[in-house]
Amino acid sequence: LKSGTVVFSSLPEDDEATATVGILLGKVQASLVETVPAGITVLADMSPDVAEEAISMIPVARAVVVILSPHTLKSTQQLQVIYNAMAEEVACIPVSTPNFRFPTQRSMQDLRIRFAEEAS
């Protein structure tokens with residue numbers, strides 16, 4: 001991951017999320033190429049080990065576009081991307097797909113418990 005790149009993060013196994021990345025890139029890629037010399041990185045196009053390394057480099061990204069799809073909040077990778085971007089104050093641009101459901105207070109509590117268990 002190059003410093004200053006724009007990162008697109010989505011679940012590779014989610015067809016809706018993959019299509020969303022493709023549509024977005026089709027619409028913005030030409031202008032991004034002109035304004036972002038470091039280029040574009042699509043995490044879903046990477047092997048899992050390379051994507052993991054790229055996620056650790058999120059702090060040097062110019063911006064992160066996170067595609068929110070039905071299983072985003074169950075994906076450790078997606079949550080790491082969101083966390084890394086927000087923790088380092090990297091511009092984080094959420095793009096919600098039609099089937100994404102915003103979490104309830106209960107589901108957020110479950111998510112906190114899950115992370116606490118994984119951390120220990």
Side-chain angles (χ1 to χ4, degrees):
L1 183 73
K2 293 181 194 173
S3 180
T5 190
V6 173
V7 177
F8 284 78
S9 178
S10 65
L11 292 174
E13 63 275 3
D14 186 321
D15 292 340
E16 182 181 39
T18 301
T20 302
V21 170
I23 291 167
L24 274 173
L25 285 175
K27 292 188 176 287
V28 302
Q29 190 166 15
S31 60
L32 280 178
V33 167
E34 294 173 11
T35 58
V36 182
I40 299 165
T41 299
V42 179
L43 294 178
D45 289 346
M46 300 177 166
S47 65
D49 56 322
V50 173
E52 189 175 318
E53 182 179 331
I55 290 167
S56 71
M57 298 296 292
I58 292 287
V60 299
R62 180 172 184 167
V64 177
V65 179
V66 180
I67 308 302
L68 304 172
S69 58
H71 299 291
T72 293
L73 298 178
K74 295 178 182 173
S75 165
T76 302
Q77 176 179 315
Q78 284 283 82
L79 292 171
Q80 285 176 326
V81 168
I82 294 166
Y83 176 82
N84 287 359
M86 294 180 78
E88 297 296 328
E89 298 182 6
V90 173
C92 191
I93 305 162
V95 177
S96 177
T97 61
N99 290 323
F100 176 74
R101 297 293 172 250
F102 284 90
T104 63
Q105 190 170 17
R106 171 73 183 162
S107 63
M108 289 303 292
Q109 288 172 340
D110 292 345
L111 193 58
R112 283 188 204 106
I113 291 169
R114 181 179 137 214
F115 274 121
E117 289 171 353
E118 287 179 9
S120 54

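Note that this is a predicted model, so its numbers are computed, not measured. If you read the sequence from its start, that first residue is 1, and numbering goes on from there.
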> Going by the side chain to side chain contact (heavy atoms under 4.5 Å, CB included) test, name the single residue among Val7, Ile55, Thr41, Leu43 that passes it with Val64.
Val7

> Using the rule that Ile, Leu, Val, Met, Phe, Trp and Tyr join whenever any side-chain heavy atoms are under 4.5 Å apart, tell me whether Val50 and Val81 fall into a single cluster.
yes

> So if you build clusters from Ile, Leu, Val, Met, Phe, Trp, Tyr with side-chain heavy-atom gaps below 4.5 Å, do Tyr83 and Leu79 land together?
no

> What are the two closest heavy atoms between Gly4 and Arg62, and how far apart are they?
O-CB, 3.2 Å

> What heavy-atom pair brings Pro59 and Val90 nearest, and what distance separates the two atoms?
O-CG2, 3.8 Å

> Starting at OG of Ser3, measure out to CE of Met57 and round the result to the nearest 0.5 Å.
7.5 Å

> Show your reasoning for whether side chain to side chain contact (heavy atoms under 4.5 Å, CB included) applies to Val66 and Gln78.
CA-CA 8 Å; Val66 180; Gln78 284 283 82; 3.9 Å; yes

> Looking only at the side chains, is there a donor atom on one of Ser47 and Asp49 sitting less than 3.5 Å from an acceptor on the other?
yes

> Near Gln109 CD, under 6.0 Å, is it more than 12 heavy atoms from other residues, nucleotides or ligands?
yes

> Where do Leu11 and Thr18 come nearest, in terms of heavy atoms and distance?
O-OG1, 4.0 Å

> Can you give me the closest heavy-atom contact between Phe100 and Leu68, atom names plus distance?
CB-O, 3.3 Å

> On a heavy-atom basis, which atom in Met46 and which in Ala54 lie closest, and how many Å separate them?
SD-CB, 3.9 Å

> For the pair Val65 and Ser9, evaluate side chain to side chain contact (heavy atoms under 4.5 Å, CB included) and give the outcome as yes or no after the intermediate values.
CA-CA 6 Å; Val65 179; Ser9 178; over 6 Å; no

> When the side chains of residues 20-39 are checked against the rest of the protein, which donor-acceptor pairs come out under 3.5 Å, sequence neighbours left out?
unit_1 : atom_1 : unit_2 : atom_2 : d
Thr20  : OG1    : Glu16  : O      : 2.8
Ser31  : OG     : Val28  : O      : 3.0
Thr35  : OG1    : Ser31  : O      : 3.0

